[in-house]
Protein chains: 2
Amino acid sequence: MPDTAIDPDFGFTSDELDPEKCPVRQVLAQVGGKWTVLILELLQHGPRRFNALGRAIPDISKRMLTQTLRDLERDGLVSREVFPTKPPSVQYALTPLGVDLMKAMGGLLDWAWTNFDKVKTARDVYDATP
Amino acid sequence: MPDTAIDPDFGFTSDELDPEKCPVRQVLAQVGGKWTVLILELLQHGPRRFNALGRAIPDISKRMLTQTLRDLERDGLVSREVFPTKPPSVQYALTPLGVDLMKAMGGLLDWAWTNFDKVKTARDVYDATP
DNA sequence: CTGAATCCCAAATGATACTG
DNA sequence: CAGTATCATTTGGGATTCAG
């Protein structure tokens, strides 16, 4: 008998919510990073170099810029190309998979721009009620 | 003169990336939480009680379930209704704003289910190359 | 210019016990 | 049942320094 019990309150198998197996949890763990989407958005404008990205994001450290780009490269969302100039330059760009992801994120991003004021208002109301 | 300088590499004003003012960063800080989207997805099935949500998510603690629900309520995405039965029962449900957010997230969620295997493959390839 | 390595702090999360 | 309170732990991220 399978160990994928079905939750009585929902229709889900436990497998579908398993942190290791649930694609939503895995993808969101990446995309939910503090800098991930910001960098992906910038790269939608075309390939950019390391420091150009750094300058565009005022409050990111080199450490996190490097690390986030590495993670994105590892996931196949961003490509990294080194030009052996002197000094060296490195260009980052969205891969087709990355472009596709950003297309899929369009709805969420639009929602954020058009509805965040409602969220802000809700917060103010909530915080105002003792 | 305004302090909203324009980045030379992109067309953005610094205001648009200001962590406090950028809706995308604000919304993602919430949605990117470890449990947020999971709970919102469950509530798409209809209103549910505290422990039903807890049972459906195998590895969440009561502490984080409470906190995430509070944050969602504060943001106007989830409603909370207390029934003074004995013992008490509390029902959580998506608000219209929450329903709307989940609609906007549809593209991303679909992408996760259909493309995560590609991400996994990319990871394996990346990790295999020394 | 593009990182890697290290140290360190703050925040997020988990574990457990207690309560109306 | 639906939390709260407290403590312990893990993780994310910043600052700094060094290197090809």
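By convention in this document, chain letters (A, B, ...) are assigned in the order of the sequence lines, proteins followed by strands, and residues within each chain are numbered from 1.
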message: List the residues meeting ring-ring contact (aromatic ring centres under 6.0 Å, His included) with Phe10(A), not counting sequence neighbours, and say none if there are none.
response: His45(B)

task: To the nearest Å, give me how far apart CG (Leu69(B)) and P (dT13(C)) are.
output: 14 Å

- request: Rounded to the nearest angstrom, tell me the gap between atom CZ in Arg70(B) and atom C1' in dA12(C).
  value: 18 Å

field: salt bridge (Lys or Arg N to Asp or Glu O under 4.0 Å) partners of residues 74-102 of chain A, not counting sequence neighbours, each pair once
entry: Arg74(A)-Asp127(B), Asp75(A)-Arg123(B)

- line: Per-nt protein contacts along nucleotides 14-20 of chain D (heavy atom under 4.0 Å; B base, S backbone sugar-phosphate only, - none) come out as BB----B

message: If the condition is side-chain hydrogen bond (donor to acceptor under 3.5 Å, both in side chains), which residues does Gln67(B) pass it with, not counting sequence neighbours?
response: Arg63(B)

- request: Could you pull out all residues at least two apart from Thr85(A) that satisfy side-chain contact (heavy atoms from CB on, under 4.5 Å)?
  value: Phe83(A), Ser89(A)

query: Roughly how many Å is it from CD in Gln91(A) to P in dG3(C), rounded to a whole number?
result: 12 Å

query: Can you find a heavy atom in the side chain of Val31(B) that is under 4.5 Å from one in the side chain of Val31(A)?
result: no

field: Distance in angstrom units between Lys86(A) NZ and dC1(C) C1', rounded
entry: 13 Å

field: Members of residues 48-55 of chain B that approach DNA chain D, where some heavy atom sits under 4.0 Å away
entry: Arg49(B), Phe50(B), Asn51(B)

- prompt: Does a nitrogen or oxygen in the side chain of Tyr92(B) sit under 4.0 Å from OP1 or OP2 of dC1(D)?
  reply: no

- line: Output for pair (Asp59(B) CG, Arg25(A) CZ), nearest 0.5 Å, gives 4.5 Å

Which atom pairs, donor and acceptor, lie under 3.5 Å between side-chain atoms of residues 115-122 of chain B and protein residues at least two apart or in another chain?
from      : atom 1 : to        : atom 2 : distance (Å)
Asn115(B) : OD1    : Lys118(B) : NZ     : 3.2
Asn115(B) : ND2    : Trp111(B) : O      : 3.3
Thr121(B) : OG1    : Asp117(B) : O      : 2.9

field: Length of the line joining Phe83(B):CZ and dG20(C):P, which is rounded to integer Å
entry: 24 Å

message: Going by salt bridge (Lys or Arg N to Asp or Glu O under 4.0 Å), name the pairs with one or both residues in residues 46-55 of chain B, residues two or more places apart or in two chains.
response: Asp9(A)-Arg55(B)

field: Qualifying residues under side-chain contact (heavy atoms from CB on, under 4.5 Å), relative to Ala93(A), sequence neighbours excluded
entry: Pro47(A), Ser79(A)

message: Among residues at least two apart in sequence or on other chains, which ones pass side-chain contact (heavy atoms from CB on, under 4.5 Å) with Thr68(A)?
response: Trp35(A), Thr36(A), Ile39(A), Met64(A), Leu72(A)

message: I need the CD-C1' distance between Gln67(A) and dT2(C), as an integer number of Å.
response: 16 Å

task: To the nearest Å, give me how far apart CD (Glu81(A)) and C1' (dC1(C)) are.
output: 16 Å

query: Quick one: bend of the helix from dC1(C)-dG20(D) to dG20(C)-dC1(D) from 5 pairs per end, to 10°?
result: 50°

query: Under 4.5 Å between side-chain heavy atoms, hopping through other hydrophobics if needed: is there a path connecting Tyr126(B) to Tyr92(A)?
result: no

